[in-house]
Amino acid sequence: MSEVRLQSVRKVYPGGVEAVKGVSLEIADGQFCVLVGPSGCGKSTLLRMVAGLETISGGTCSIGDREVNEVEPADRDIAMVFQNYALYPHMSVYDNMAYGLRNRGTPKDEIDRRVREAARILEVEPFLERKPRALSGGQRQRVAMGRAIVRKPKVFLFDEPLSNLDAKLRIQMRVEIKKLQRALATTSIYVTHDQLEAMTLADQLVVMNKGQVEQAGAPITLYERPMTIFVAGFIGAPPMNLLDMPATGVPGLSLATPVAGPVTLGVRPEHLELSAEAGALAIDLTVTAVEAVGAESYIYGALGGQGPEIIVRIPGRDLPAIGTSLRAVARSENLHFFSRETGIRLN
Amino acid sequence: MEKRVVFNGRLLPYLLLAPQLLITLVFFYWPAGQAVIQSFLVQDAFGLSTEFVWFENYQVLFSKPDYYKSMLTTAIFSSLVAFFSLSIALLLAVQADRHIKFAAGYKTLLIWPYAVAPAVAGVLWLFMFQPSLGIISQAVRVAGFEWNPLLRQDHAMTLVVMSATWKQISYNFLFFLAGLQAIPKSVIEAAAIDGARPARRFWTIIFPLLSPTTFFLLVVNIVYVFFDTFGIIDAATQGGPAKGTETMVYKVYSDGRSGGDLGGSAAQSVVLMVIVIVLTAIQFRYVERKVQY
């Protein structure tokens, strides 16, 4: 069993900066956990603490049923894929993959068998004798993955492994990582700032902000029921429309059941529908810009003529002219209300 | 896209190279050429007549056993200095590369000796190890060890090796530290996760990645011990006792300047020049192949 358990883990740097402020997480055996958040939210620090590359200032981290706070990275039985791949530039691809096994005194024929198997899975067999500098970015990425899988560790750690690749390769590698993780069923922790990558890869998605966990759960749960304003704004592209509503109401916006007190109202662009009928929410907007992306289009409009910007997603390419006044409605189950003071979900 | 500025003048490249070329010509090729010419000449003791003798100076030189002895002295001296100054500097740089308190102060102090002139360094060590007055000599004498570089050749050699090493460590340290800091941190972290202990990490990852720096320093250090240690030897031992620390460069000076044998001394400097050129060529030919850039 190789579940990872974090209990109120904290990281305080000398100088008093608190990068991680008490994070508790349970990652089940074989689960793919993605940590996502803006840069500086502490997600990489958290990952590096699991790896043993950063000391843990408070709380405990355990892998399997062993607490690893004081255990050297080498003895944690983990493998890590770095953003810049961190391949050993003076070693061939074969030696890069064999290095970890050699350090552990694995027999030579066993090393050879495992390296060749990993090379076959990752399709880097033709490059085994090459040096990393003779490889393309995607090939290097595969070698870095190979180096991780040959060791058959308890946990894989990924630190933004795809951010150095171009968009097309990124999607391709994303699918491959997911397939590989499914096939190997190894507990994985994956750090990214890309919410799309996070949504597609995760069994458990953890949104972090300012050193704390905002929400953790299945990606679709976070999408459908974000528990804070931050999660609501972070998950989904284009982002959720978030409107500050004072108690007096907002011109151009009408709710079927009025809410008491100042709140933040959230509604996703795909849940707004152009319609003349009344809904739980109806907003009047003046079109300021339109974008056709193929199967769907986005309409940008100003609420009530000059209010905040609202994004509406519509199917097809039947676009209104700029300057037109439109009415968009949404159903009550698609409305999210958050407290303006605490940012916490109200409904 | 790489941006490149292309100059279309024929003159400009030469103008830009001129200062460096001029300095090299005046201070290197000219004296070197003079030495080669001089090595074919014999002058009488008063400098009144000069005779062209072809290779006689070289024949005389290679027939004297004391020349071979100074070659051996140079070999011992230079390998000891190169080995100790490189290895100690590497050790210090590895320590400084870690996150230690007062790192800046530590580094500054380590760089200081490089600013000390060779002759001054020689005098400093001479004073510390002077048999009757030197503070360290007194200390080792209390410990029951009879230290006397004025009488014992091995003690004199130890003294000059120590001073020459001490002076060169700073320079090597600077380059090693810069080399260490250029190694991506994540590569070392990856090795740590891959199960390599610090010592194994050093020999399998850090040391190979440092090899361009080590190679460069090896070349520079060989040149240093062959030529620039003259000041130290002159100040500390004057090649003594009984020529026990007379390296080839010191012999060039003592035979030419004190012995008045200008032709023989010039022949020696030509031989010295050839040796250093050959050593450097060998390093580039064979050692550089093993260097990881």
Side-chain angles (χ1 to χ4, degrees), chain A residues 13-14 44 47-48 50-55 68 71-92 95-106 111 131-133 140 143-151 153-161 164, chain B residues 1-2 90 93-94 96-107 175-176 178-218 283-284 286-293:
Chain A
Y13 283 108
S44 280
L47 186 81
R48 292 170 58 82
V50 177
L53 299 172
E54 300 275 355
T55 56
V68 293
V71 178
E72 287 290 313
D75 301 327
R76 292 190 182 195
D77 202 6
I78 47 159
M80 186 155 166
V81 179
F82 291 82
Q83 181 175 358
N84 62 1
Y85 320 131
L87 299 176
Y88 312 125
H90 58 297
M91 294 185 194
S92 68
D95 291 337
N96 261 282
M97 294 205 265
Y99 185 70
L101 295 171
R102 282 183 188 143
N103 287 339
R104 286 174 170 80
T106 315
I111 293 178
K131 293 276 172 69
R133 64 170 171 272
R140 283 180 206 184
V143 176
M145 299 273 302
R147 192 169 63 179
I149 68 170
V150 286
R151 293 229 327 270
K154 278 189 184 151
V155 183
F156 285 139
L157 305 173
F158 298 90
D159 190 5
E160 309 215 9
N164 283 3
Chain B
M1 283 299 283
E2 194 188 358
L90 181 57
V94 168
D97 190 41
R98 294 198 195 156
H99 298 286
I100 53 164
K101 282 183 181 173
F102 315 116
Y106 176 72
K107 286 172 202 167
F175 278 88
F176 273 134
L180 284 171
Q181 285 172 349
I183 298 175
K185 220 175 138 230
S186 59
V187 170
I188 294 160
E189 289 174 348
I193 291 178
D194 259 346
R197 308 277 151 201
R200 185 163 163 78
R201 218 144 68 205
F202 179 80
W203 290 112
T204 56
I205 306 288
I206 297 172
F207 193 69
L209 291 180
L210 210 53
S211 60
T213 309
T214 314
F215 175 66
F216 163 78
L217 285 177
L218 191 65
Q283 286 173 357
F284 270 96
Y286 296 102
V287 185
E288 199 195 17
R289 281 192 192 163
K290 296 188 177 151
V291 169
Q292 307 287 342
Y293 285 107

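Below, each value reflects all heavy atoms present in this structure, side chains not excepted, and no hydrogens, waters or symmetry copies. All chains are named by letter (A, B, ...) in the order of the sequence lines, taking the proteins before the strands, and each is independently numbered beginning at 1.
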Trainee: Enter the distance from A/Y99:OH to B/R200:CZ here, rounded to the nearest 0.5 Å.
Mentor: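 Going from the OH atom of A/Y99 to the CZ atom of B/R200 covers 5.0 Å.
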Trainee: Around B/F216, counting heavy atoms of other residues, nucleotides and ligands shown, do more than 12 lie under 6.0 Å from its CZ?
Mentor: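 Counting neighbours around CZ of B/F216, more than 12 heavy atoms of other residues, nucleotides or ligands fall under 6.0 Å, so yes.
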Trainee: Is chain B contacted by the side chain of A/D159, its backbone, both, or neither, given a heavy-atom distance below 4.5 Å?
Mentor: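 For A/D159, neither part sits under 4.5 Å from chain B.
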Trainee: Do B/I193 and A/R151 make a side-chain contact, defined as non-hydrogen atoms from C-beta onward lying under 4.5 Å apart?
Mentor: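 Result yes, sub-4.5 Å side-chain heavy-atom pair found.
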Trainee: Side chain, backbone, both or neither: which part of A/L157 has a heavy atom under 4.5 Å from chain B?
Mentor: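 Contact with chain B involves no heavy atom of A/L157 at all.
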Trainee: Contact between B/D194 and A/Y88 at the side-chain level, heavy atoms closer than 4.5 Å - yes or no?
Mentor: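 B/D194 vs A/Y88: side chains touch.
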Trainee: Using non-hydrogen atoms and a 4.5 Å limit, figure out which bit of A/I78 sits close to chain B: side chain, backbone, both or neither.
Mentor: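 Both backbone and side chain.
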Trainee: Minimum heavy-atom separation for A/A74 to B/G195, with atom names?
Mentor: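 Looking at all heavy atoms of both residues, the closest pair is CB-CA, 3.4 Å.
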Trainee: In plain terms, say whether B/E189 and A/R48 are close enough for a salt bridge, that is, a side-chain N and a carboxylate O under 4.0 Å apart.
Mentor: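 Yes, B/E189 and A/R48 are salt-bridged.
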Trainee: Measuring from atom CG of A/D75 to atom CZ of B/R197, what distance do you get when rounded to the nearest 0.5 angstrom?
Mentor: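 With rounding to 0.5 Å, CG (A/D75) is 4.5 Å from CZ (B/R197).
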Trainee: Could you check whether atom CD of A/E72 has more than 12 heavy atoms from other residues, nucleotides or ligands sitting under 6.0 Å from it?
Mentor: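 No, because the 6.0 Å sphere around CD of A/E72 holds 12 heavy atoms or fewer from other groups.
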Trainee: A/H90 and B/L209: which non-hydrogen atoms are nearest, and at how many Å?
Mentor: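 Closest approach of A/H90 to B/L209: ND1-CD2, 3.4 Å.
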Trainee: Ignoring hydrogens, what is the shortest heavy-atom contact between A/M91 and B/I205? Give both atom names and the distance.
Mentor: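 Taking every non-hydrogen atom into account, CE-CD1, 3.7 Å.
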